[in-house]
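A short worksheet on the structure shown next.
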Amino acid sequence: PLFESYDIFSRSAGDTSDVVTKEMYDFKDKGDRHIALRPEGTAGVVRAFVENKLYGPEFNKPYKVYYIGPMFRYERPQSGRQREFHQIGVEAFGADNPAVDVEVITMALRFFKKLGLSDLRVAVNSLGDQESRANYRQALIDYLKPHYDELSEDSKERLEKNPLRVLDSKDERDQQFVENAPSILDYLTPAAAERFDQVKEMLDSLGIDYVVDATMVRGLDYYNHTIFEFITEIEGNELTVCAGGRYDGLVEYFGGPATAGFGFGIGLERILLVLEKKGIELPIETGLDAYIAVLGDEVNEAALSLVQALRIQGFKAERDYLGRKLKAQFKSADVFAAKALITLGSSEVESGQVTVKNNQTRQEVTVALESLKKDFPSVLAELGLA
Ligand code: ATP
Ligand code: MG
């Protein structure tokens with residue numbers, strides 16, 4: 001759903017995350033419920049996963065889902081940052097095998113490669129398990145406490161509630177401390193460290209270039225173990241286009257059985273921005289398969305029936321609706337980049353024979369109107385258009 005109970009997001013993302021403290025579009029509905037427009041996809045997916053018992057034995061594991069849709073964040077609008085934007089997200093539930101981490105990262109990478117974006121920096125880190133985090137949390141507090149007065153107001157609060165969040169600060173006052181902060185990787189338990197080693201080895205074995213960024217913590221609280229981001233540079237600015245990680249505690253948190261989870265979110269508008277800046281045009285075919293030139297009002301219904309028949313066969317077809325001169329209709333066929341041009345007048349309807357033209361080569365075939373309605377592919381084949 002585009003909106004959920006406010007708590008679904010605030011409790012899972014964490015009440016010190018920017019998303020919750022500053023960026024939520026929340027309101028009371030007519031029933032006085034505290035509602036929020038979704039700022040991200042994972043919390044709602046996990047809520048639905050638990051509510052519908054998708055962890056049950058009748059479902060294959062890992063249970064995999066994806067979504068594409070709008071997200072809402074009350075941010076300062078700027079390039080690459082909208083208040084309503086779209087994400088493509090995936091989640092895989094029920095396997096804590098590090099191979100899943102690597103497969104999901106690889107899938108996202110392949111998606112970007114397919115778009116022609118291959119110069120991405122792949123940053124990975126591990127947040128470890130609960131014990132690793134508790135150890136690190138203390139080390140971070142010990143390190144940051146002496147600098148308390150120099151931190152930003154937000155980070156002062158974060159230091160009390162969730163010190164890891166300081167590492168995610170975009171405030172310049174905090175940056176110098178982030179740079180020299182102790183590394184979480186030094187506080188991983190042996191099991192968590194071993195797990196992270198496996199992830200890195202598997203990434204190596206697939207030939208994936210990545211960097212370990214020990215200060216990356218991600219903006220949402222629910223992550224553990226592997227987290228990752230894909231970063232690209234646009235006019236000297238770094239832009240994260242994909243981000244995700246493991247969230248093994250989240251299903252349990254929402255009242256389900258302990259279930260592993262791994263997923264990512266891709267910002268669609270950011271992809272479009274990057275494609276535009278890099279001058280990449282996607283090979284999207286928008287041309288029509290057929291344009292029907294309509295000669296006279298008396299064949300209006302015949303044209304209606306023909307255009308429907310072509311569409312039902314799965315073709316992109318258009319026709320004239322405006323009773324324009326033939327020349328103007330032919331022009332439309334060109335603008336639509338129609339492959340085939342069909343001219344329909346009362347003589348065609350009477351004889352039941354129509355002429356179909358290859359709009360590029362001008363080659364023509366005359367076929368029965370009825371067979372055109374049933375089997376357009378063989379007409380296209382005859383014109384060398386299949
Ligand atoms: P950032 O550090 O850029 O604020 P984030 O950590 O808030 O990103 P996530 O919550 O991980 O971002 O969201 C996943 C992806 O969604 C981001 O990598 C980005 O591509 C996109 N995204 C996040 N916020 C916005 C926004 N306001 N407008 C457009 N895209 C966004
Ligand atoms: Mg953000």
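Computed over heavy atoms, backbone and side chain alike; hydrogens, waters and symmetry mates excluded. Read the numbers this way: they start at 1 and go in the same order the structure lists the ligands and their atoms.
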query = Going by distance alone, is a donor N or O of one side chain under 3.5 Å from an acceptor N or O of the other, for Asn97 and Arg195?
reply = no
*Determine, for Arg47 against Glu4, whether the closest basic-nitrogen to carboxylate-oxygen distance falls under 4.0 angstrom.*
yes
Those residues at least two apart in sequence (or on a different chain) that pass ring-ring contact (aromatic ring centres under 6.0 Å, His included) with Phe196 are none
_Apply side-chain hydrogen bond (donor to acceptor under 3.5 Å, both in side chains) to residues Glu91 and Tyr247 and explain how you reach the verdict._
CA-CA 10 Å; Glu91 321 287 352; Tyr247 49 85; 2.6 Å; yes
Within the 4.0 Å heavy-atom cut-off around ligand 1, the contacting residues, ordered by chain and number, are Arg73, Glu75, Gly80, Arg81, Gln82, Phe85, Gln87, Lys170, Arg218, Thr240, Val241, Cys242, Ala243, Gly265, Gly267, Arg270
dist Thr42:OG1 -> Phe9:CZ (nearest 0.5 Å) comes out at 10.0 Å
message: Less than 4.5 Å apart, side chain to side chain, heavy atoms only: is that true for Thr259 and Glu252?
response: no
